[in-house]
Every structure is written in structure tokens, then in C-alpha cells.
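Any value given below was found using the heavy atoms of this structure, including those in side chains, with hydrogens, waters and symmetry copies removed. In each ligand, atom 1 is the first atom listed, and ligand 1 is the first ligand listed.
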Amino acid sequence: MDLTRRNFMIGTAGLTLAPQRASASRRTGDPFTLGVASGAPTADGIVLWTRLAPRPLADGGHGGMPDRNVDVEWQLAEDERFTRVVRSGTVAARSSWAHSVHVEPTGLQPGREYFYRFRAGGHLSPTGRTRTAPAPGTAPALAFGAVSCSNYEQGYFTAYRRLAEQHPDLILHLGDYIYEYAPGGYKNSDGKIVRSHTAHRCQTLAEYRLRHAQYKTDPDLRALHALAPWIAVNDDHEIENNWAGVHPGTSGRPNFAERKRAGYRAYYEHMPLRRSALPHGSSMQLYRRLAWGDLATFHVLDTRQFRDDQPCDDGVRDDCTQRLATGRVLVGSTQRKWLAAGLRSSRARWNLLVQQIFMAQHDYHLGPGKEVLLDTWDGYTAERDRVLGDLVASGARNPVVLTGDIHCHYASDLLVDFDDPDSRRVGVELVTTSVTSDGDGYDAPAGRAIELAENPHIAYADQRRGFIAGRLTPTELRADFHTLPYVTKRNAPSTVTASFTVADGAHRLARSSAPAARAPQAAAAAGAPRKP
Ligand SMILES: [Fe+2]
């Protein structure tokens, strides 16, 4: 274990910066309550983020800030004590952007650790740790984490803390970073809620800002942001449940374009995204490509903004033939061509498709017939065939699809024809469960055995909460599926309940060693997801 990083975790408590912080004139007015973040690493640059909000839940979504721009100083250093500052400057936190700050220092050294902090109004922010991508032509090992689906009401964000304790170099957030529901608007099957959302279902910019600010009041979320750079992309709940392109989701409310504009703007304001993702009205450029030396290329996909509406009124159905229509799109032709071109030109050892929704065929019906979740790629089968075909035709090395959304861990092979278990392997799909969404979860081995028999390309399923800790080297991908026994109480431990490897060139999963001891298993049947 890297002692520097371990010490850093302790340092974020403020110890290293205490002398300067003590000199600040007003302790109660600390504007850095939402923490710091970094993201979108390249070999020579990074995005540094903060937002000034001394009272994060103050009415109006302005975080208790005055209606004027405020200068914020920033520093980037090679060491945690800031004795070797390599970049610094002053930037305006603009009132019109909720006093959020996005700084994009360039000309940095590849593949190295940096530390950053901000200062405003006599207050010093916590220190964040970040990292640039390695140089082209190099392929050092990468430790990464994958997370999705953190509903604030349904549990504590312990999984974020446990992932931070794994000391990853890079975090992939696959969407549902916030949930838009009104307080109590989406409950676990047992009705349990551990803390309450801000007032109202999110519709206005103020409401989305308040919701994002509330989520960042969670110290475990702030810790994961401060520990490593993120590559983040939204799914549906950053705006509303199961929206699709220009079509609203299940809110039943008018003026969807307004919610999209507000939700996108608040997402940008609260995430370490590049200026290239600055929203324009109700659209936002989120599909993008990032290189991690020659080891990996991350092809980040946007599976919401360009899709046709879910077929057959959405849901889990066994009678929907509309889902098979050849003209239906999910990523859309422009993004699909961009992806295909990027795959063809990729020289990376591993090609990771960072996206949201379940890509492999997934039959929830136990027995003859297919019952599928229409919000996933199963609702857009022709588009799935096209994308998997593009993957094969491109010759891109070692495709790996990373997925969130579904609130269960899954590991699956991706096949050219999912109805023929012997058909060509395209690559693998790793699905990370939720951080909290759907509450404590359960382990149901009997139902799972049937589910896996019904879907022989799926090697693993688990309905508890957690995250994936991955490790990439030129010869192997390793994925450790961590689960937590509960999230409705604080401080759950995490356990590796399954590990898989993919060897360079294998295009298929191999189970690695015996899983660790399991938590006590609750009796519960597998079945169609109740994800709203
Ligand atoms: Fe979710």
C-alpha cells in the first residue's frame, strides 16, 4: 500500500492545512462545504472543481452566496504540503453558475500525482489529490473504481468510502449520481428511508442545485471526489426517471425541455467536467474519449440524449416486438459513427465503453419466452447488433463494457448472438451495483441460479449494494466485485464476493479464485427488477 496516499486520506480531515485554516476570520462562513473534485484526466491536464456554498441548503439554491461573482484562488502542487506549486491562478466563481469553479490546468507531467486546493474569502478548501493520465507509449498498471446509483434517502454512501479506501487512480461514475424524486418519492420494498431529500421533486434549476448540494454534504462522497479524478457521465435520474431523447420519463409533468436544461446545468455545475461539456440549452456534449497511455482508452457513451423512446410504453415485458425494429436507435447514428471511428483508430490494449444501461441480453422470464427490461439495450436490439458489429469489425483490442443503472452486480460475456451460447465472443460486460439505491439488498442464490441458467452468458449476479474495484495491466483485467451487507446503517464493511479476470485477447470472463465468505443470506426470489 502506498503510504503517501494513506496519509492523504488522513490529511483530508484538515490536519495539514490547520494552521492556515485557523487564520481565517470566520469559521462559520466556510464556503467549501461541498468539497473539491477533479476529473477528465489527460496526459498533460486535469479539471479541478469546487463550488462556493457556505450554506449548501439555503433557499434558492445559491448556497448562501451573494448575487455577485467572487474571485477564487487555486493551486496545484507536486506535494501535499504545497511546497512545490506548479500551477496557480485566480478564477471568478460566477453567480450565474452557482459559484461553481472549473479550472483546466495544462502542461502537466504525465502519469503523476498532484494535489490541489482553493482559497476564497480567507477560507482554504480541503486538499484534493489527483493524477494525470500516463504518457502515450507507456502502459503502467491502472487501479480504477466503478460506481453508480446513489439514492440519498435509501442508504448511507459507505460504498464510496470503501472504494476510496482501495486507493484507486481513477473513478468511473456511470450515472444516477443524484435522484430527482420528492422526499419519500421512491422507497425500498420495505419502505425504509434513512434521511430525507430536499423539498419537492426536482423541476427547477434551484431544486436541482439544492439536490446536488445535499448529496455533496455526504462526507463519504466528498472523500471519494477528493481522492482521485473522476470520469463521470449521467444516466436518467440526473434529470428524471427513464427519460429518452426528447421524450420525458415517468414524472407525468409538462415542460420536459425545461427540466432537461435545469438538470444538465446543475450536473455541469457540480461535476469536474471540461468546458467542452458546457450545456447549451437543453443539450450537453457528454460522449467523449480519454486515453490512459497505451493501456486503455475510455469511450464514454451517452445512452440517454439521442435515443428513441422506450418501446411498448417501457417496463419489463415479454410481448414487445417493437423493440426489435431495425430503425430504432439508442446512441444514434452520429455517436455510433464516432464510436466506430474511435475503435478503428484505437491502439490501446483495452477499450472500455463507459456507459449506463445493461448491454447483454437479459431474460428475466424463467422458462420459455423472453421478458426483458425495455429501458436497456434489450429495448433497442438492432442498435445493439450494430454496435457489437462495429466492435468486431473495428478490430479494437479487448472491448470491455462498463455499466451501472440496474442496482445489481453482473458479469457477462458479450456475444454476437445471445441466443447461441457458442457464438463469437465480442468482449465482456461488467455491471456495478448501486451505492444505495433499493436499500440493503439481499443475496438470493436459488433465484440467481435459475437466472444464470436462463442467461448462460451471464456468469455472476448479486443483488446487494457495492462497487467494482478493477485493475488493468497489459496482460490482464481483474474485477473485484465488492458488496456491503447493509447501507441503511452506517459504516458497513465491504467484502469481495466475486472476482473475474479477462486475459489479453481472451474476450471472455474467467472466475478468479473462490469468492470470499458471504454475509448471511436472506431468502428472496430473483425476478424482474423493480428499478423505477
Ligand atoms: Fe439507478
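Put simply, Asp176 gets within reach of the Fe ion (ligand 1), with an N, O or S atom under 2.8 Å from it. Checking Tyr179 against the Fe ion (ligand 1), an N/O/S atom falls under the 2.8 Å cut-off. Inclusion of His237 in the first shell of the Fe ion (ligand 1) is not supported: no N, O or S atom falls under 2.8 Å.
A donor-acceptor pair under 3.5 Å is absent between the side-chain atoms of Gln322 and the main chain of Pro311, judged by distance alone. Under the 3.5 Å distance criterion, the side-chain polar atoms of Trp350 are left unmatched by any main-chain donor or acceptor of Phe298.
Expressed to the nearest 10°, the angle at the Fe ion (ligand 1) joining NE2 in His407 with SG in Cys149 is 90°.
With sequence neighbours excluded, the residues satisfying side chain to side chain contact (heavy atoms under 4.5 Å, CB included) with Ser283 are His280, Gln305. Not counting sequence neighbours, the partners of Leu210 by the side chain to side chain contact (heavy atoms under 4.5 Å, CB included) test are Thr198.
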